[in-house]
Each structure stands twice: as C-alpha cells, then as structure tokens.
Amino acid sequence: GAGVSQSPSNKVTEKGKDVELRCDPISGHTALYWYRQSLGQGLEFLIYFQGNSAPDKSGLPSDRFSAERTGGSVSTLTIQRTQQEDSAVYLCASSSAGNPSYNEQFFGPGTRLTVL
Amino acid sequence: DAKTTQPNSMESNEEEPVHLPCNHSTISGTDYIHWYRQLPSQGPEYVIHGLTSNVNNRMASLAIAEDRKSSTLILHRATLRDAAVYYCILSTSGTYKYIFGTGTRLKVLA
C-alpha cells in the first residue's frame, strides 16, 4: 500500500517568506509526527498529533513554526518569516493507534527546505 | 529524556556479521529500545525494538544486556544495502517522543 508522502520534495525560498510543507500519512494511522534534520545531524522532534490534536508542541523551535492536522489525515507544517537556520530536511512519520512508545513509525521521504 | 550513546562510525566487510553497540545507562524500567536506520537521502526505517528480552526479526537481532544499560543490534550478514546510519532510541511507555542521537554510520566494504 501507499506509504507516507510529503510535498514538495524540495523547496527553495527567500529569507522572510512563509512556506507550507504537507504530509499525507498512511491511511488509518492516527498518530502523526514532524521531525527536522539539519545537515549531518540526527532528527529533532518537532510535534506530535493524535488525531487532530497536538498534545505537545514544545518541540517547535519558535512561534514562527505552526502545524495543523485536519480530518485526522493530512498535516501541514507552516514556517513564517523563514530564516537561513530553518534550512533542513523536514520529515513526517505516522503510526497506528495503540501505545505510541512501541508502535513502529513510518517515515516519509522528507522535504528539503533551503532558505536563501 | 533518557539518552543513548553510539559510536560515530563502523566498518564491516560484506557478508560478515555486524554488531552495533548502544549504551543507555540511564534507561528506566518502562523504556523501550528501538533501532531505526536511515539510508542515504531517505527517511528512517524501523529495524527492531525490544523491552527486556532479546528479539529477532527478518532484518536483525537485538541483544539486550541483563541490566538493560546497553544493547547490541546484530546484522547477521551485512550487504552493501545495509550501509546506513543506525539510530538507537529510547522511548518511555505511554509517551510518543523519540529522541534521536547522531547514530552510527555503517560502511560496508565489498
């Protein structure tokens, strides 16, 4: 079946512009996660959704970052007034219902964001 | 959040076993041990997970020390396709947050 998809695959923007990154999770997966991976680094957790709710937004780096999820499916990560330090690969993952601590997370291919 | 420590890089010859170590001395009784790997230009993929007992699946084996302060991911016969960054992650039961370290970059030599 279809895996997690993300769009766009690449995004180049100018400093100060807003960007929207989209994630389509695996159908039926209630949990959705956003991570950020800077060049040569491990993954940094950003936010988690259970259904349409985000119980913990503390991983978002600043108030320029926001995310929403609608219909328990598609999620959008929005970065306002982008800065050069926002350049990274943004990864989305989803998992099925149940105990989130041992449910396998399925990752998308990521969106590479470059802020000039 | 409990932390893990892994070597930055390792090398293996093709078709030989590989043992990837992970130290997690601050692990708590309810923390699960997960391994994911990330192939070049791809998102991470699940490899294996466990709590207390050793685990086997089609991809690998996970050996967990008796005191749970360390674990080892075992690839029984490394192939060139196994060249990736391997992440050892702890997650506390009931929580959702994975804390990724910098992982071990495995190089497989033909």
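Chain letters run A, B, ... following the sequence lines, proteins first and then strands; every chain starts at 1.
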Point to revise | OG on S95(A) to OH on Y46(B), rounded to 0.5 Å | key: 12.5 Å
**Study point:** Contacting region of S58(A) [heavy-atom separation from chain B under 4.5 Å]
**Key:** side chain
Point to revise | Whether over 12 other heavy atoms sit under 6.0 Å from N8(B) CG | key: no
Exercise for review: Please say whether more than 12 non-hydrogen atoms of neighbouring residues, nucleotides or ligands are located less than 6.0 Å from CZ in R77(B).
Suggested key: no
Check your understanding: Under a 4.5 Å side-chain heavy-atom rule over Ile, Leu, Val, Met, Phe, Trp and Tyr, are L60(A) and I79(A) clustered together?
Key -> yes
Practice item. Verify the cluster assignment for V19(A) and L46(A): are they in a single hydrophobic cluster under the rule of side-chain heavy atoms below 4.5 Å apart? Key: yes
Study note, to complete from the structure: In this structure, CD of E104(A) is separated from CD1 of I48(B) (nearest 0.5 Å) by 11.5 Å
Review point. Got a donor-acceptor contact below 3.5 angstrom from the Y36(B) side chain to the Q105(A) backbone?
Key: yes
Review point. Given the rule that I, L, V, M, F, W and Y join up when any side-chain heavy atoms are under 4.5 Å apart, are V4(A) and V89(A) in one cluster?
Key: no
Review point. More than 12 foreign heavy atoms under 6.0 Å from CD of E85(A): is that the case here?
Key: yes
**Study point:** Audit row: Y98(B), Y35(A), ring-ring contact (aromatic ring centres under 6.0 Å, His included) steps and yes/no
**Key:** CA-CA 10 Å; Y98(B) 282 179; Y35(A) 295 86; 7.2 Å; no
Check your understanding: Are L75(B) and L80(B) linked, directly or through other ILVMFWY residues, by side chains that come within less than 4.5 angstrom of each other?
Key -> yes
Check your understanding: Under a 4.5 Å side-chain heavy-atom rule over Ile, Leu, Val, Met, Phe, Trp and Tyr, are F106(A) and L32(A) clustered together?
Key -> no
Point to revise | Between CG on residue L91(A) and CD on residue Q42(B), distance to nearest 0.5 Å | key: 11.0 Å
**Study point:** P44(B) versus L43(A), closest heavy-atom pair with distance
**Key:** CG-CD2, 3.8 Å
Study note, to complete from the structure: Those residues of residues 107-116 of chain A that come under 4.5 Å of chain B on a heavy-atom basis, listed by number, are F107(A), G108(A), P109(A)
Exercise for review: Could you list the residues that satisfy side-chain hydrogen bond (donor to acceptor under 3.5 Å, both in side chains) with Y87(B), not counting sequence neighbours?
Suggested key: Q37(A), Q38(B)
